[in-house]
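Contents: one structure, followed by commentary.
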Amino acid sequence: MTLRLRLTLLYSTIVGCILLVFGAMVYILITIFLFNQVDDMLYRVHQDVVTVTHIDPMGELDSMSSPPLDITTNAYVQIWGRDGKLKSSSTAVTDSLDPVGLNSATPVYRNTVVREVHLRVLSVPLVRGNRLVGVLQVGTNITVLDEMRNSLIIIMIVSALVAVALAGIGSWSVLGRTLAPLATITDTVDQINRADDLSRRIPYQGPVKDEVGSLVESINQTFERLETLFTSQQRFLADVSHELRTPLTVIKGNVDLIRKLNSVDEDSLNSIDQEAGRLTRLVGGLLMLAQAESGKMTLNLQPVELDSLLFEVLHEMNMLARGKVHLKMNDIDQITISGDRDRLKQVLLNLLANAIQYTPVGGEVFLGLAKVSGKARIIIRDTGPGIPAEDLPHIFERFYRAEKSRTRSKIGGFGLGLSISNWIIERHGGQIKVESKEGKGSTFAIWLPLFGTEAAMLAPTTPRTDVRSSDKKTKDKPEDTHEPLLLK
Ligand code: ADP
């Protein structure tokens, strides 16, 4: 059974039930009202009769004179003696209007049928002192009342049926219009499934704010997200394959050469060693990103003295910078934050390695740490070539490498370092900001919440999966000539 039919039946049933209850209440109330009117009339007639009825000293009834009945009363009167004989009657009927009422010790209203006529009868025992002297019965024909009640039932049943039918037709057509977009949704989803085309969207012209509009919007957003993820996955595969191919080709070439020459030369061995190292770093980086994106990488948070961490990193990087760039550290503040020391060190090493690698010989790299606006700010500034404006928005995407810096520098990583660093800093509740102008160097600023601050407490420990891949250029990377640090 379709949803449309189910809802239509439900609405019609609800309307039917409401009308049934309402109709029953109207019927009962009207019946009570009408019987009250009839009973009032019978009571008034009974009073009129009682006023003209006398009881002689022997206790016998004397009601020879007819009561002055109103012409509109339409009532039959019978007076029965205590011996059970009819003393007086306003009709030719000699049977009691209500044989059961004759024996009642109290006044009683009852419905009876006398000679196939439906009557309402009031039986009142007539008492003198404590003695029963007779029974007065006043009755009236209630056939009209019955007909009225029957007509009422028929009218109510017919109007209820019409109302139910109208409710059914109305809800069927309204539901048809309301649910039409759902059919479109199903069709579009089917088309997407059949054609494997995630770029399709569900067309919808109705109000965006209603339930169906919101559903269509949500589904379209889901398709958009799926399309992005799918494209990103395809790019990622292409990127990884590309990155793996270069070192493998070099290794294979060198192995072939060794075989051909039948001797192991030092250059070939070095080359194989370097490329194997590159592969190891690439796999390590990929593993880390995979862990980050799947939520398996958690942070081991503890108080970290950033100043001593910076000294440690500076000391390690001096080796890489020696003879190439001047590595300087400005005045640094003593700052403690809550963080994962190893991961933070990894970020600093990545950024410093970038600065040293991309800065030409004789350039300078500054390192600074200060407390600014209630946060810790680490600055890594270089006098390198800078990052072109068109590359700047993409450098935190995985596998992204700026074309110019790649061709200018003989050193290069895989475009994973900034993506991983950004993930780590975000997990600490912080941010990495970058300012760069071509030819004027780059400044990376890491902002982190101080130890014990609310932002530090709120720092998420489970990772988001928003590290995205980009349209990476697919040219080969220049050869790595330095002993690499992390992903460099
Ligand atoms: P890579 O391993 O290629 O350095 P990263 O993710 O660390 O990957 O950096 C992404 C890109 O950002 C680099 O390829 C480079 O183009 C650019 N970049 C990063 N740091 C600097 C810097 N200090 N100076 C110039 N360009 C930089």
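All ligand and atom numbering here is 1-based and tracks the order in the structure. Nothing fancy with the numbering, it's 1 onward along the sequence.
- Interface of A355 with ligand 1, defined as ligand atoms under 4.0 Å from a residue heavy atom, comprises 23 (N).
- Centroid-to-centroid, the aromatic rings of F236 and F399 come within less than 6.0 Å.
- Of the N and O atoms on the side chains of S419 and N422, not one donor lies less than 3.5 Å from an acceptor on the other residue.
- A heavy-atom separation below 4.0 Å is not found between P385 and ligand 1.
- Listed by number with element, the atoms of ligand 1 under 4.0 angstrom from any heavy atom of F444 are 20 (N), 23 (N).
- Remark: ligand 1 and Q357 share no N or O pair separated by less than 3.5 Å (distance only, no angle test).
- A distance of 4.5 Å separates CD1 in I337 from CG in L448, rounded to the nearest 0.5 Å.
- Here the side chain of D273 pairs no donor or acceptor atom with the backbone of L269 at under 3.5 angstrom.
- Set against the non-hydrogen atoms of F414, the atoms of ligand 1 under 4.0 Å away are 2 (O).
- Of all atoms in ligand 1, numbered sequentially from 1 with element shown, those under 4.0 Å from a heavy atom of I395 are 10 (C), 12 (O).
- Annotation for ligand 1: atoms under 4.0 Å from non-hydrogen atoms of L418 are 5 (P), 6 (O), 7 (O), 9 (O), 10 (C), 12 (O), 19 (C).
- Counting only residues at least two apart or in different chains, salt bridge (Lys or Arg N to Asp or Glu O under 4.0 Å) contacts with residues 253-262 comprise K252-D256.
- Within the listing of ligand 1, atoms 6 (O), 8 (O) sit less than 4.0 angstrom from a heavy atom of L416.
- Salt-bridge check for E316 with K345: passed, with a basic side-chain N closer than 4.0 Å to an acidic carboxylate O.
- What you find for L344 and G339 is that their closest heavy atoms are CD1-CA, 4.1 Å.
- The shortest heavy-atom distance from G384 to ligand 1 is not under 4.0 Å.
- Between the side chains of Y204 and N220, not a single donor N or O lies within less than 3.5 Å of an accepting N or O.
- Only side-chain heavy atoms of I387 come within less than 4.0 Å of ligand 1; its backbone N, CA, C and O stay farther off.
- The N/O atoms of Y358, backbone and side chain alike, include one that comes under 3.5 Å of an N/O atom in ligand 1.
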